[in-house]
Visitor: 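Here you go, one structure.
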Amino acid sequence: MRVSRLLTHTMRNNPSEADTPSHRYMLRAGMVMQIASGIYTYLPLAWRSIKKIETIIREEIEMAGGQEVRMPVLQPIELWEETGRKQAFGDTLFSLKDRRGRGMVLAPTHEEVLSQIGKSYVQSYRDMPLIIYQIQTKFRDEPRPRAGLIRAREFDMKDAYSLDVNEKSLDQNYQRMAIAYRNIYRRCGLPAIMVEADSGAIGGKESHEFILPAATGEDTIITCSSCEYAANLEKAVSNYPTLPPSELLLLEEIHTPGVTTISGLEKFLKVDRQQILKSILYMVDKGIVAVVIRGDLEVNDVKLGNVLMAKELRLADSAEIRSAGLIPGFVSPVGMTAIRWVGDNSIKLGQNYVAGGNKADLHFKNINWSRDFTVDQLVDIAEVNESGLCVNCNSPLQSLKGIEVGHIFKLGTFFSEKLAVNFLDQEGKNQPVIMGCYGIGIGRLLAAAIEQNHDEKGIVFPAPIAPYSVHLVGLNLHDEDVINSSDSLYGSLWEDGIECLFDDRIDESAGVKFNDADLMGFPIRVIVSRRTMANGNCEIKFRNGSDSNTVSLTEATAFIKQMLATIN
RNA sequence: CGGGGCGUAGCGCAGCGGUAGCGCGCUUGGUUUGGGACCAAGAGGUCGCCAGUUCAAUCCUGGCCGCCCCGACCA
């Protein structure tokens, strides 16, 4: 393609609606165009990248045994009522009516229809294992679309589903997909990290996310500095540095006028926050639940919600706390058996704690687990932080922001039981199919790649997913010789299968062309100008390198091929 | 849905009672051409929508719609 013919042109100003790097650069480079919140047109440059990502995905999923299908986006709502997911998705589900008034949805994912396929075509244990996949547009009326393609309402996803006769076979398919995922990210040039993940509402067992580290990421993950342990913050567990045990001292009351916070207590009593027990009140599905945790730790709401099997969970306000007979700022489990208490494991890791006195302006000193209080449930609900130690090898943990670019999931029989997707086993008994599902957001993967690979001038594309491999810049194009030479180099690159964008604009200054090339960020830049032409040469450099090579025009194509071989 | 911000030319912004301006981009002509050139002449706007106040509304008031950011959700 020639820049003079390329649809759209670059923007010099940052569009005000974008403040995430990938969103900004994709708009400025003319890759995408917004139509409504979370809804985008892919322009030619983005679409070329998308197609490359899709090709890599198809190759790897096929290698793992996947078979491609194409399921409808438009689906009858009854299917979603049967599985209860109409409720589960709630307002996120785009729904509409057909001319006869029949309820329809624009599918946010495809387990229901996939199950219909399973129902019709899987009858015997001999029909499995299976991996079925598609690349299809999904619709989710997100509460808040954000950051361009990172979180859109209409987006393309590769979704795969495994069907197996038993857990062991599911494990094998799951493993195959995990390997395929690792290959996909590696081939896209993206170092995604596989982490243990929360399995969410659909009571699945095992689940992993693939996270691409990026400052603007929505997710936080915890990784071990020395072993393979890695988990989403919502799932992560850790050990804590052990405190030296001390003798249990006698419980004391202390007058603490107006001291209602952990930091306040630290200063007032000159104790470390590890010596304090923190009590927090939650409203859980309209009932109050009290939580107690060591003062240096925070409660992770997702972990707490999972323990309580809660649908809705939020902090209680001070009126709700008072109406439960508690005084905000002075709450503790000591003598407070009337309400439900959930304790974090950390409360057993020390002795002689400071805790609320359950009266205004009063705290207790030397509180000890079991002697002075108990809880209804003692569980792990602490949010892991960098002071934690790895549960596998006791090494320090690190926390890291990233973008979720893939999620794999053991579904079990959630759908097969609801939709009666059964098969006959070897004994002739009817069994529900064991399912798994595996997703990659394609547009998000592109955005995440840019999020991770850019500088102050623009995108720095990983070679395998760049719209073009080579950005050929012609300068001094009033000169017939330069036109002819750059034009023939352009032709010979394509003849050798090297995808090239040719900046053939005659009236644009060199600076404009260089800046546009930096913005679009293809891996290799080639310059042909009157100056290089004097010796029959061109200049070749990497987008992200400063060294420029002077190469004769006749050898340029071979030279570029070699360069590409080093980065693809 | 809660909190915050913003809707004026393709993009970025100014104007704030008297019907609109700047920079970039765009068009034409000319001079330029190795890191966002210059001169000249142009094109381009129901000032988000609907009511109200006023002799007069882009500007004031109210409502609605849209977009962005922070929180609960996810590929």
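Excluded from the calculations below are hydrogen atoms, water molecules and symmetry mates; all remaining heavy atoms, backbone and side chain alike, are included. Within every chain, numbering begins at 1; the chains are lettered A, B, ... in the order of the sequence lines, protein sequences first and strands thereafter.
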Visitor: Atom OH of A/Tyr438 to atom C1' of B/A75: distance rounded to whole Å?
Guide: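 Atom OH in A/Tyr438 sits about 16 Å away from atom C1' in B/A75.
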Visitor: Just to verify, what does A/Arg187 make a side chain to side chain contact (heavy atoms under 4.5 Å, CB included) with, not counting sequence neighbours?
Guide: A/Ile56, A/Glu59, A/Glu60
Visitor: Expressed in whole Å, how much space separates the P atoms belonging to B/U61 and B/U53?
Guide: 15 Å
Visitor: For a quick check of understanding: with a heavy-atom distance under 4.0 Å over all strands, which category does A/Glu17 fall into, base, sugar-phosphate or nothing?
Guide: sugar-phosphate
Visitor: How long is the line joining CD1 of A/Ile61 and C1' of B/A75, in whole Å?
Guide: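 For the pair A/Ile61 CD1 and B/A75 C1', the rounded distance is 14 Å.
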Visitor: Applying side chain to side chain contact (heavy atoms under 4.5 Å, CB included), can you list everything that pairs with A/Met11, at least two apart in sequence or on another chain?
Guide: A/Pro15, A/Leu27, A/Arg28
Visitor: For atom C1', what is the distance between B/G36 and B/C74, given to the nearest Å?
Guide: 39 Å
Visitor: Do A/Ile135 and A/Met157 make a side-chain contact, defined as non-hydrogen atoms from C-beta onward lying under 4.5 Å apart?
Guide: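 They are not in side-chain contact.
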Visitor: RNA chain B: A/Gly406 or A/Lys541, which has the more 5' nearest nucleotide?
Guide: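 The residue mapped nearer the 5' terminus is A/Lys541.
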Visitor: Give a yes/no answer on whether the side chain of A/Thr532 brings an N or O atom under 4.0 Å of OP1 or OP2 in B/G34.
Guide: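 No, because none of the side-chain N or O atoms of A/Thr532 sits under 4.0 Å from OP1 or OP2 of B/G34.
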Visitor: Hey, does A/Glu142 reach any base, or is it just sugar-phosphate, or nothing, if we go heavy atoms under 4.0 Å?
Guide: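 Contact class for A/Glu142: base.
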Visitor: Residues in side chain to side chain donor-acceptor pair (under 3.5 Å) with A/Thr137, at least two apart?
Guide: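 A/Thr137: side chain to side chain donor-acceptor pair (under 3.5 Å) contacts with A/Asp156.
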Visitor: I want to verify a distance call: between B/G23, B/C68, B/G34, whose nearest atom is closest to the A/Arg531 side chain?
Guide: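 Output: B/G34.
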Visitor: If you look at every strand shown and take non-hydrogen atoms under 4.0 Å, does A/Arg525 touch a base, only sugar-phosphate, or nothing?
Guide: base
Visitor: Which whole-number value in Å describes the distance from A/Met33 CE to B/C11 C1'?
Guide: 12 Å
Visitor: Determine whether the aromatic ring centres of A/His208 and A/Phe210 lie less than 6.0 Å apart.
Guide: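 Here the rings of A/Phe210 and A/His208 have centres that are no less than 6.0 Å from each other.
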Visitor: Give the table of side-chain donor-acceptor pairs shorter than 3.5 Å for residues 435-444 of chain A, with sequence neighbours excluded, one pair per line with atom names and distance.
Guide:
residue  : atom : partner  : partner atom : Å
A/Tyr438 : OH   : A/Ser162 : OG           : 2.8
A/Arg444 : NE   : A/Ile150 : O            : 2.7
A/Arg444 : NH1  : A/Glu404 : O            : 3.0
A/Arg444 : NH2  : A/Ile150 : O            : 3.1

Visitor: Separation of A/Leu475 atom CG from B/G35 atom P, in whole Å?
Guide: 9 Å
Visitor: N/O contacts under 3.5 Å, protein versus nucleotides 40-47 of chain B?
Guide:
none

Visitor: Are A/His23 and A/Asn14 close enough that some pair of their side-chain heavy atoms sits under 4.5 Å apart?
Guide: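 When only atoms from C-beta onward are counted, A/Asn14 and A/His23 do not touch, as no gap falls below 4.5 Å.
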Visitor: Return the value, rounded to whole Å, for the distance between atom CD1 of A/Ile211 and atom P of B/C74.
Guide: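 Value for this atom pair: 13 Å.
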Visitor: With rounding to whole Å, what would you report as the distance between B/G10 and B/U46 at their P atoms?
Guide: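 Result for the P pair: 8 Å, nearest Å.
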Visitor: Would you indicate what A/Leu445 reaches in the nucleic acid, counting non-hydrogen atoms under 4.0 angstrom: base, sugar-phosphate, or nothing?
Guide: nothing
Visitor: If I take atom CG in residue A/Asn14 and atom C1' in nucleotide B/G10, what distance separates them, rounded to the nearest angstrom?
Guide: 16 Å
Visitor: Go through the structure and list residues passing salt bridge (charged side-chain N to carboxylate O under 4.0 Å, His left out) with A/Asp344, not counting sequence neighbours.
Guide: none
Visitor: Let me know the distance between CZ of A/Arg140 and C1' of B/C73, rounded to the nearest Å.
Guide: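 Interatomic distance, CZ of A/Arg140 to C1' of B/C73: 10 Å.
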Visitor: Any donor-acceptor pair under 3.5 Å linking the side chain of A/Thr532 with the backbone of A/Val528?
Guide: no
Visitor: With rounding to whole Å, what would you report as the distance between B/C16 and B/C60 at their P atoms?
Guide: 10 Å
Visitor: What's the closest nucleotide to the side chain of A/Met157 if the choices are B/A75, B/C73, B/G23?
Guide: B/A75
Visitor: With the 90 degree cut-off around zero defining syn, does B/U19 come out syn or anti?
Guide: syn
Visitor: For B/C69, does OP1 or OP2 lie under 4.0 Å from any side-chain N or O of A/Arg146?
Guide: no
Visitor: On RNA chain B, check which nucleotide each of A/Thr20 and A/Gly441 is closest to and give me the residue with the more 5' one.
Guide: A/Thr20
Visitor: Looking at A/Arg444 and B/C74, is any side-chain donor or acceptor paired with a base atom of the opposite kind under 3.5 Å?
Guide: yes
Visitor: B/G12 phosphate, OP1 or OP2: any side-chain N/O from A/Ser16 under 4.0 angstrom?
Guide: yes
Visitor: My understanding is that only residues two or more places apart in sequence, or in another chain, count here; which of them pass side chain to side chain donor-acceptor pair (under 3.5 Å) with A/Tyr25?
Guide: none
Visitor: Remember a base hit wins even if backbone is also touched, and classify A/Pro143 as base, sugar-phosphate or nothing at under 4.0 Å, heavy atoms.
Guide: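 Contact class for A/Pro143: base.
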Visitor: What heavy-atom pair brings A/Asn537 and A/Ser552 nearest, and what distance separates the two atoms?
Guide: OD1-CA, 3.2 Å
Visitor: Tell me, which pairs form a salt bridge (Lys or Arg N to Asp or Glu O under 4.0 Å) where one or both residues lie in residues 470-480 of chain A, sequence neighbours left out?
Guide: A/Asp479-A/Arg530
Visitor: Before giving the answer on side chain to side chain contact (heavy atoms under 4.5 Å, CB included), spell out for A/Leu45 and A/Met520 the whole-Å C-alpha distance, their side-chain angles and the decisive distance to 0.1 Å.
Guide: CA-CA 9 Å; A/Leu45 292 178; A/Met520 293 181 195; 4.0 Å; yes
Visitor: Using the P atom in both, what is the distance from B/C24 to B/A40, to the nearest Å?
Guide: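 It comes out at 12 Å once rounded to the nearest Å.
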Visitor: Using a heavy-atom cut-off of 4.0 Å across all strands, would you classify A/Ala18 as base, sugar-phosphate, or nothing?
Guide: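 Result for A/Ala18 = nothing.
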Visitor: Say you draw a straight line from CG of A/Leu149 to CD1 of A/Ile50; how long is it, rounded to the nearest 0.5 Å?
Guide: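 A/Leu149 CG to A/Ile50 CD1: 6.5 Å, rounded to 0.5 Å.
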Visitor: Does A/Ala517 reach a base, just sugar-phosphate, or nothing at all? Heavy atoms under 4.0 Å.
Guide: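 Since no nucleic acid heavy atom lies under 4.0 Å of A/Ala517, the category is nothing.
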Visitor: Where each pair must be Watson-Crick or G-U wobble with both distances under 3.5 Å, what dot-bracket representation of RNA chain B is obtained, with crossing pairs in [ ] and other-strand partners as |?
Guide: (((((((..((((....[..)))).((((((.....)))))).....(((((..]....))))))))))))....
Visitor: Given the structure, check if the side chain of A/Asp518 and the base of B/G35 hold any donor-acceptor pair shorter than 3.5 Å.
Guide: yes
Visitor: Check the interface with nucleotides 36-38 of chain B: list each N/O to N/O pair with the protein under 3.5 Å, or write none.
Guide:
residue : atom : partner  : partner atom : Å
B/G36   : O4'  : A/Asn515 : ND2          : 3.3
B/G36   : O2'  : A/Arg12  : NH1          : 3.3
B/G36   : O6   : A/Arg28  : NH2          : 3.1
B/G36   : N2   : A/Asp516 : OD1          : 3.2
B/A37   : OP2  : A/Ser509 : OG           : 3.1

Visitor: Between residues 62-69 of chain A and RNA chain B, which residues have a heavy-atom gap below 4.0 Å?
Guide: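 Residues of residues 62-69 of chain A that come under 4.0 Å of RNA chain B do not exist, since none gets that close.
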Visitor: Has the side chain of A/Arg151 got a donor or acceptor atom sitting under 3.5 Å from an opposite partner on the base of B/C73?
Guide: yes
Visitor: Nearest to the side chain of A/Asp19, which nucleotide is it out of B/C69, B/C74, B/G34?
Guide: B/C69
Visitor: Using the C1' atom in both, what is the distance from B/G48 to B/C68, to the nearest Å?
Guide: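 Per the computed distance, 15 Å lies between those C1' atoms.
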Visitor: Mind checking side chain to side chain contact (heavy atoms under 4.5 Å, CB included) for A/Ser16 and listing every partner two or more places apart, or none if nothing turns up?
Guide: none
Visitor: When the distance from CE of A/Met26 to P of B/C11 is rounded to whole Å, what number comes out?
Guide: 18 Å
